[in-house]
Number of protein chains: 2
Amino acid sequence: MTDRTTLADVAAAAGVSVSTASLAFSGAGPISAATKERVLAAATELGYAGPSALGRSLRSGRSGIVGVVIGDQLRRSFRDPVSVQVLDGMAGSLGPRGLGVLLVPATGEEGYTDDLLVSTAPMDAAVLLFGARRESPIFDALRSRGIPVVLGEGPHDLGVPVVGVADRRGTELLAQHLVELGHRRVAVVTLPLGGARRCAPVDDRRLAEIDCPPAEHRLDGLRDAGLDPVVTVEASASLVEAGAEAGRLLLDVAEPPTAVLTHSDLLAAGVLIAARELGLRVPQDVSVAGFDGLDLPWLAPDVLTSVSQPFAAKGAAIADAVMAILAGETPKDVELPVELRLGTTTAPPRA
Amino acid sequence: MTDRTTLADVAAAAGVSVSTASLAFSGAGPISAATKERVLAAATELGYAGPSALGRSLRSGRSGIVGVVIGDQLRRSFRDPVSVQVLDGMAGSLGPRGLGVLLVPATGEEGYTDDLLVSTAPMDAAVLLFGARRESPIFDALRSRGIPVVLGEGPHDLGVPVVGVADRRGTELLAQHLVELGHRRVAVVTLPLGGARRCAPVDDRRLAEIDCPPAEHRLDGLRDAGLDPVVTVEASASLVEAGAEAGRLLLDVAEPPTAVLTHSDLLAAGVLIAARELGLRVPQDVSVAGFDGLDLPWLAPDVLTSVSQPFAAKGAAIADAVMAILAGETPKDVELPVELRLGTTTAPPRA
DNA sequence: GCGGATCCTCGAATCGATTCGACCAGCGCC
DNA sequence: GGCGCTGGTCGAATCGATTCGAGGATCCGC
C-alpha cells in the first residue's frame, strides 16, 4: 500500500479546504449538505476510512484509551473469573462510549524496574483492578504521568475513586445464615492479606497488618454477625488449588469446624474438594460457603451457598467513574449491593 | 493540575532547544553527557514524565497498540480459560517490546451496525482470536482501515497469517490412544461449527458447511487414526454446560458409546458431569477425553486425558507474527506442537 | 596560525487532524 | 438602497514530539 490517504487528500479531491473536510466528518460546525456529500463521496472514492485516531488524539489531548494495569497478582487473577468478568463488563461499557481498554502488564511489586508500558502507553486514565496495594511503584509512575486512577477494590484513603461491593454486609448476611443454622464452630478462609503469599493460619499480628480491603471488610462482617471464627486461614491466592490446600489444613484435624466460610467461590470449591478427599460429606458433615456468586457448573449437582456480587455492574461502575473523571468531575466511591444466595452446601451442623 | 508540562517547557528550563531536549530522551543522536544531564535534571525538576506517547505516535505513525477484537463469540469465550491464557501470553510477550494490547469489543456478526472502536481506535495491527469467520464485517472494516490482521486460529486462505496448533495430529494421537485401548464405539463432541449455535447431532450436510478450522482439523485427525465415530454432536459453545448438554444427548441412550472424544476440556468436563448424573462411572463405564490441556483442579481426583496445547507459546507466536508484520515482513503461518497427556478418564471399555 | 574534520546544537519542517477567527456572499429589513 | 446578520468556507495556528540538514564551536594536525 502507498501512504495512507489523509484528510488533506480527500479535501483536495473534493475541491474543498482541509478544514471544511474535517467539518464534514466531525459535524461540529455549519456545513451545507451538498458540500458534505461531496466530501464523503470523495472519501469513499479514495478509500479513506475516516479521520485517523492519532491526529485527533494529538489535537484533543485524549487517546480514548483506558489502561488496565495487570500486576503480578493480577496476572495471576487472570485465572480468576471474577476479574475477567469485571474486565468484560468494563470493556462492554466503555466501548460504546468510544473508549478502549488497554491491557498494561506490569512487573510485580518486587522486581519493579521500569515497565515500558506503564510509563509510555497512551492512556487517559488507568484502572487498577483488585490487588491495589498501598505503596506501589505502579501507582507512583501513573501519578507522575498525571494519569488519573480508578480502583476496582482497594483502600479508600489514596485519594482516588474506589468501586467496590458491600463486602462487609454480604459477609454479615452469610455469617447470620450460618449462625441461624446452628453453627458455632466456624472456620474462615481469607483472600491473600497482602505481603508475601502463604497458606497459613492467621494470628493477631497478621490480622493487624492486612493490606487487602475486601478481606478486611469481609472479616469485619463476621464480627457484625457476632461470629467469632474458631480458626482463620489465609489462602495463597483466590484459586481452587489454594482453597483445597487451606481446606486440608482446616479439616484434617481431630475436631474440624462444622462450617467453613471462605472469601471467594473458588476457595470454597477448593475446600469442597478437600472435604471430599477427606471423606467428609457436604453439607452433612461440614457446611461450606463462598463469596462472589460465580456460576460453577462443574460443582453440579452441588450449588454453592454464596454472596453474589454484580460483575457486569461493577465493570460498568468503574467505567462510569472513569468517564466522570475524564469529564473533570470527582466521582464518589461506589459500593455495589450484594445478595445472599443459598445453595446446597450449607445445612445445620450434625447433632 | 495545570497544563501538562511538555518537552518545550523542559527545553526552555534547561536552556536548550526542543530538538536537543528530544535527543536527550530518545538518545537517537549525538549529545554531550553534560547537556543530557541538564535536560534530565530540568525534567525531574518540572515533573516531566518523559515524552508523551501521543506526539511520538503522530510523528512515527505508530501507536504501539495491538487491538484484540472481541466479537460476540469471543466475549463468550472470555469465559473460556483458553482464550484468556493466550491473551495473557500475548500481553506478556508484547508488553516488553513496547506494545500494548487493546481490547476491542465488537458487536456480533449479525447485529453489526458500526462498531465505534473497530473503526476508530488507534491500532497498528489487530488480532482476531478464535472464531474468525470467513465473511466478517469486522474483517472488512479493519481491512479498509489498512490495519494488518493476525489470526489466532482461523482459515488459512484469507491472506493473513494464522497461528494455530497441530489440531489434526493431536486428535489423531488421542484417537489412536482410544483405539489401542480397544474402543470401537466412540462418540465425538465438537466445537461450534459456525453459523447458528446449536446442540445437536451433526449430519453430512452440516459437516460440509463447517466454518471453524480447528473443529474441521480435529475431525480430520480422527479419520487419520482410522476412527469413524458412531455419532457426532455439535456443542453450542466451549463451556461446561454445553458439554453437559451434549453429554446427556450422547449417553442417555440405550447403547451409549464406550468413549467420548471432545474438542475441548471444558466440553469434556461437561460430559463427565453428565455421565455422573446418569450414574455412569468414568472411565469404567465410559472413557472421556478432551483437548487443550487445561489445568482443571476441580475435577480432582480425576485428571482429564487430553491433548495439551501451549497457551503462552501461542500468545507469544501471535505476538511474533504481529512484530513481523509491523517490521514489514510477511510472517508464515505457524502450527504449534501439541502433546498427548494421559489422565485417569480413559481406560479399556468394559467387557 | 590556518584548513579541515568532528562533535554538538539548533531551526524548521512534518505527522494528521481540529478549531477559532476572518471573510464573503446573500438576504431580510427598514 | 444601505446596513447588519448569518450561513458556509477557508487560512492559519495548534497539539507534542521527531528528524534532517545546516551551522557553529572546538580541536587536531600540519
Side-chain angles (χ1 to χ4, degrees), chain A residues 2-40 42-43 46-64 98 119-124 145-147, chain B residues 2-40 42-43 46-64 98 119-124 145-147:
Chain A
T2 61
D3 276 350
R4 263 174 60 73
T5 64
T6 113
L7 187 57
D9 301 332
V10 175
V16 299
S17 75
V18 194
S19 27
T20 304
S22 173
L23 255 29
F25 283 101
S26 70
I31 185 173
S32 73
T35 312
K36 180 165 178 176
E37 197 169 334
R38 207 163 72 247
V39 173
L40 262 27
L46 284 132
Y48 178 73
S52 134
L54 260 37
R56 189 208 305 284
S57 292
L58 177 58
R59 185 65 175 122
S60 62
R62 286 281 173 79
S63 58
S119 48
T120 66
M123 294 184 253
D124 293 341
R145 282 185 66 191
I147 295 177
Chain B
T2 60
D3 277 352
R4 266 176 58 73
T5 64
T6 110
L7 187 57
D9 301 333
V10 175
V16 299
S17 74
V18 193
S19 29
T20 305
S22 173
L23 256 28
F25 284 101
S26 70
I31 185 173
S32 74
T35 312
K36 179 166 179 174
E37 197 169 335
R38 208 163 73 248
V39 174
L40 262 27
L46 285 134
Y48 178 73
S52 134
L54 260 35
R56 189 205 304 283
S57 293
L58 177 59
R59 184 65 175 123
S60 62
R62 287 280 173 81
S63 59
S119 48
T120 65
M123 296 184 254
D124 293 342
R145 282 185 66 191
I147 296 177

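Remember, it's a predicted structure, so these values are computed and weren't measured experimentally. We use all heavy atoms of the structure for the numbers below, so side chains are in, but hydrogens, waters and symmetry mates are not. Naming convention: chains lettered A, B, ... in sequence-line order (proteins, then strands); numbering from 1 in each chain.
Of the inter-residue distances, the one linking B:L58 atom CG with A:S57 atom OG reads 9.5 Å to the nearest 0.5 angstrom.
For C:dC10, one of the phosphate oxygens OP1 or OP2 lies less than 4.0 angstrom from a side-chain nitrogen or oxygen of B:T20. Residue A:R59 places no side-chain N or O under 4.0 Å from the OP1 or OP2 atom of D:dT14. Residue B:Y48 has a polar side-chain atom (N or O) positioned under 4.0 Å from OP1 or OP2 of D:dA17. Residue A:S26 has no polar side-chain atom (N or O) positioned under 4.0 Å from OP1 or OP2 of C:dT18. Not one side-chain nitrogen or oxygen of A:S32 sits closer than 4.0 Å to the OP1 or OP2 atom of D:dG7. In terms of phosphate contacts, A:S52 brings no side-chain nitrogen or oxygen within less than 4.0 Å of OP1 or OP2 of C:dC15. A sub-4.0 Å separation between OP1 or OP2 of C:dC15 and a side-chain N or O of A:T6 is absent.
Residue contacts for A:P30: at a heavy-atom cut-off of 4.0 Å it reaches a base atom on one of the strands shown. At the heavy-atom level, B:L54 lies nowhere under 4.0 Å from the strands shown.
Contact annotation: the side chain of A:R56 never approaches that of A:R62 to less than 4.5 Å [non-hydrogen atoms, C-beta and beyond].
In terms of position along DNA chain D, the nucleotide closest to A:K36 lies nearer the 5' end than the nucleotide closest to the other residue of the pair B:G50 and A:K36.
The shortest non-hydrogen separation linking B:P122 to A:L54 is CB-CD1, 3.8 Å.
Using modelled atom types and a 3.5 Å distance limit, the side chains of B:T20 and B:S17 yield a donor-acceptor pair. Side-chain contact annotation: B:S19 with B:S22, donor-acceptor N/O pair under 3.5 Å absent.
Checking C:dT18, C:dG11, D:dA17 against every side-chain atom of B:L7, the shortest atom distance belongs to D:dA17. Proximity note for B:V16 (side chain, C-beta onward) versus C:dT19, D:dT18, C:dC10: the nearest is C:dC10.
Rounded to an integer number of Å, the gap from B:L58 CG to D:dT14 P is 16 Å. Taking atom CZ on B:R62 and atom C1' on C:dC15, their separation rounds to 14 Å, with Å as the unit. The separation between B:L23 atom CG and D:dG21 atom P is 14 Å, rounded to whole Å. Put simply, CZ on B:F25 is 17 Å from C1' on D:dT19, counting in whole angstrom units.
Side chain A:S19 to base D:dG11: a donor-acceptor pair is found below 3.5 Å.
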